[in-house]
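Predicted, not measured: the structure shown is a model, and the values here were computed from it. Letters A, B, ... are given to chains in the order of the sequence lines, protein chains preceding strands, and every chain is numbered from 1.
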Number of protein chains: 2
Amino acid sequence: MKCVEFLEEACQRAGLKMTTPRRAILKVLGEAKDHPSVEEVYTRANALDSSISMATVYRTLSMLEELDLVIHHSFKDDTNSRYELRHSHHHHIIDMDDHNVVEFDDPRLEKMLKDIMSEQGFDMVCHRIELYGRKKS
Amino acid sequence: MKCVEFLEEACQRAGLKMTTPRRAILKVLGEAKDHPSVEEVYTRANALDSSISMATVYRTLSMLEELDLVIHHSFKDDTNSRYELRHSHHHHIIDMDDHNVVEFDDPRLEKMLKDIMSEQGFDMVCHRIELYGRKKS
DNA sequence: TTGACTGCAAATGCTTTGCACCATT
DNA sequence: AATGGTGCAAAGCATTTGCAGTCAA
C-alpha cells in the first residue's frame with residue numbers, strides 16, 4: 001500500500017473527514033523526502049490546491065502529530081518547526097555546514113538508552129537524539 | 001572558586017562590562033538547581049534588583065549562550081525556552097508525568113554516538129539527547 | 001441534515017529591536 | 001570621555017483561535 005493511502009486510512013479510522021486540503025497535505029507529506037517546515041508544506045500543498053490556508057496546514061499538522069502519524073522537530077538554530085512522517089524509527093545527524101539531515105537507526109543505541117533509563121528508575125516512552133557535526137575532511 | 005565568580009570572570013575575559021543586571025542574572029543561574037525558563041530567570045533576578053527588564057534577561061541569556069556558558073533547551077510539550085549552566089556534560093531524562101528533569105552522563109553512550117557519526121562520515125561537534133519516560137511502577 | 005472543517009483575519013505569546021538615557025571602564 | 005549596557009515600548013514572527021460560511025458523511 002502506498003504511503004498516502006495508508007495515511008488517509010489512518011485518518012478515516014480516527015473518524016476524520018477526508019477533505020481536499022487534508023488530502024493535499026497528506027500527499028505532500030507522503031512524498032516528502034526531507035523534513036519540511038510548515039511554510040514548505042504550505043507552499044507544496046498550494047501547488048495542488050491553491051485555496052489551502054496556513055491555518056489549515058497548522059491544524060492538520062497538529063492533528064497528525066496528535067495521531068502519531070508525523071513527528072514534530074525543532075532543531076537547534078532553526079526557529080521553524082519541521083515535520084516528517086513517522087514511517088520508521090530513526091534519528092538525525094545534522095550537518096552544521098549546510099543544515100542537511102542524515103537519518104540513521106541503531107539497535108545498540110536503542111538498547112543502551114533503554115538501559116540507562118531503567119537504571120534511573122524509568123520506563124522509556126520516547127526519546128530525541130540529534131547529533132550535530134561536520135563532514136570529515 | 002564559586003560558580004558565580006567563574007561566570008563573572010568568564011564574562012570579563014570576553015570583554016563584557018559587569019553591570020548590576022548581569023551580576024544578578026549570573027547569580028540566579030549560578031544558584032539554580034533546575035532549568036529555569038526566561039520568565040523564571042526574570043522573576044528570580046528581579047528579587048535581587050527590581051529594575052531588571054525582560055529585554056535584558058533575553059539579551060544576557062543569548063550572550064551567555066553565545067559564550068557557551070549556558071545551554072539553551074526547548075523540551076517537547078513546552079513552548080518556553082529553558083536555560084541551564086554548562087557546568088558539566090550531561091543529558092536529560094524528562095519525567096512525562098510531572099515534567100521533572102533528571103540529569104545523567106554515560107561515557108559508553110558518548111563513545112557510541114561518536115562512533116555512529118564516524119561511520120556516517122562526520123566529526124561530532126555536539127549532540128542533544130533527551131529521554132522521555134515515566135517512573136517505573 | 002449536521003457536525004466537522006475551512007479560510008480569513010485578528011489575537012496571542014515568545015522574542016527581538018530601535019532609541020534615548022545611563023553606567024562601567 | 002567613549003563605548004557598551006539598559007529600560008521601555010514597539011515591532012516581529014511563528015502559531016493559535018473566533019467566527020461565519022462550507023462541505024463530507
| query | Toward the 5' end of DNA chain C, which comes first, Thr19(B) or Lys17(A), by nearest nucleotide? | reply |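 That would be Lys17(A).
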Provide, to the nearest angstrom, the distance between the [atom1] atom belonging to [X] and the [atom2] atom belonging to [N].
X: Leu26(A); N: dC5(C); atom1: CG; atom2: P; value: 13 Å
X: Arg82(B); N: dC14(C); atom1: CZ; atom2: C1'; value: 14 Å
X: Gln12(B); N: dG4(D); atom1: CD; atom2: C1'; value: 14 Å
X: Ile25(B); N: dG5(D); atom1: CD1; atom2: P; value: 12 Å
X: Met54(B); N: dG13(C); atom1: CE; atom2: C1'; value: 10 Å
X: Glu8(B); N: dG5(D); atom1: CD; atom2: C1'; value: 16 Å
X: Tyr83(A); N: dT15(D); atom1: OH; atom2: P; value: 7 Å
X: Glu39(B); N: dT15(C); atom1: CD; atom2: P; value: 10 Å

| Those residues that, when tested against Tyr132(B), pass ring pair (Phe, Tyr, Trp, His ring centres under 6.0 Å) (two or more places apart) |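 Partners of Tyr132(B) by the ring pair (Phe, Tyr, Trp, His ring centres under 6.0 Å) criterion come out as none, since no residue qualifies.
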| Any Tyr58(B) side-chain nitrogen or oxygen under 4.0 Å from OP1 or OP2 of dT15(C) |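 Checking dT15(C) against Tyr58(B), a side-chain N or O does come within under 4.0 Å of OP1 or OP2.
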| query | Any side chain to side chain donor-acceptor pair (under 3.5 Å) pairs touching residues 22-37 of chain B, not counting sequence neighbours? | reply |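 Sorted result for residues 22-37 of chain B: Glu8(B)-Arg23(B), Lys27(B)-Glu31(B), Asp34(B)-Arg44(B), His35(B)-Glu84(B), His35(B)-His92(B), His35(B)-Glu103(B), Ser37(B)-Glu40(B).
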| Reckon Met18(A) touches a base, only the sugar-phosphate, or nothing at all at heavy-atom distances under 4.0 Å? |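 Sugar-phosphate contact only.
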| said: Classify Arg59(B) by what it touches in the nucleic acid, base, sugar-phosphate, or nothing, heavy-atom distance under 4.0 Å. | reply: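 Contact class for Arg59(B): base.
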| field | Residue whose nearest DNA chain D nucleotide is more 5′ - Met63(B) or Ala55(B) | value |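 First, find each residue's nearest nucleotide; the 5'-ward one identifies Met63(B).
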| query | Which comes earlier along DNA chain D counting from the 5' end, the contact point of Ser81(A) or that of Leu16(B), where each point is its nearest nucleotide? | reply |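 Going by which nucleotide is closer to the 5' end, it is Leu16(B).
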| request: Just compare dC8(D), dG4(D), dT15(D) and give me whichever is closest to any side-chain atom of Ser53(B). | output: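 The nucleotide sitting nearest to the side chain is dC8(D).
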| Of all the nucleotides listed (dT15(C), dC5(C), dT16(D)), which has the minimum atom distance to the side chain of Arg22(A)? |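 Between dT15(C), dC5(C), dT16(D), the one nearest the side chain of Arg22(A) would be dC5(C).
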| task | Taking the six-membered ring for Trp and the full ring for Phe, Tyr or His, determine whether the centres of Tyr83(B) and His73(B) are under 6.0 Å apart. | result |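 They do not qualify: ring centres at least 6.0 Å apart.
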| With hydrophobic residues grouped by side-chain heavy-atom distances under 4.5 Å, do Ile94(A) and Leu131(A) end up in a single group? |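 No, no single cluster joins them.
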| request: Using the rule that two of Ile, Leu, Val, Met, Phe, Trp, Tyr join whenever any of their side-chain heavy atoms come within less than 4.5 Å, decide whether Val41(B) and Val101(B) are in one cluster. | output: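 The answer is no; the residues belong to distinct hydrophobic clusters.
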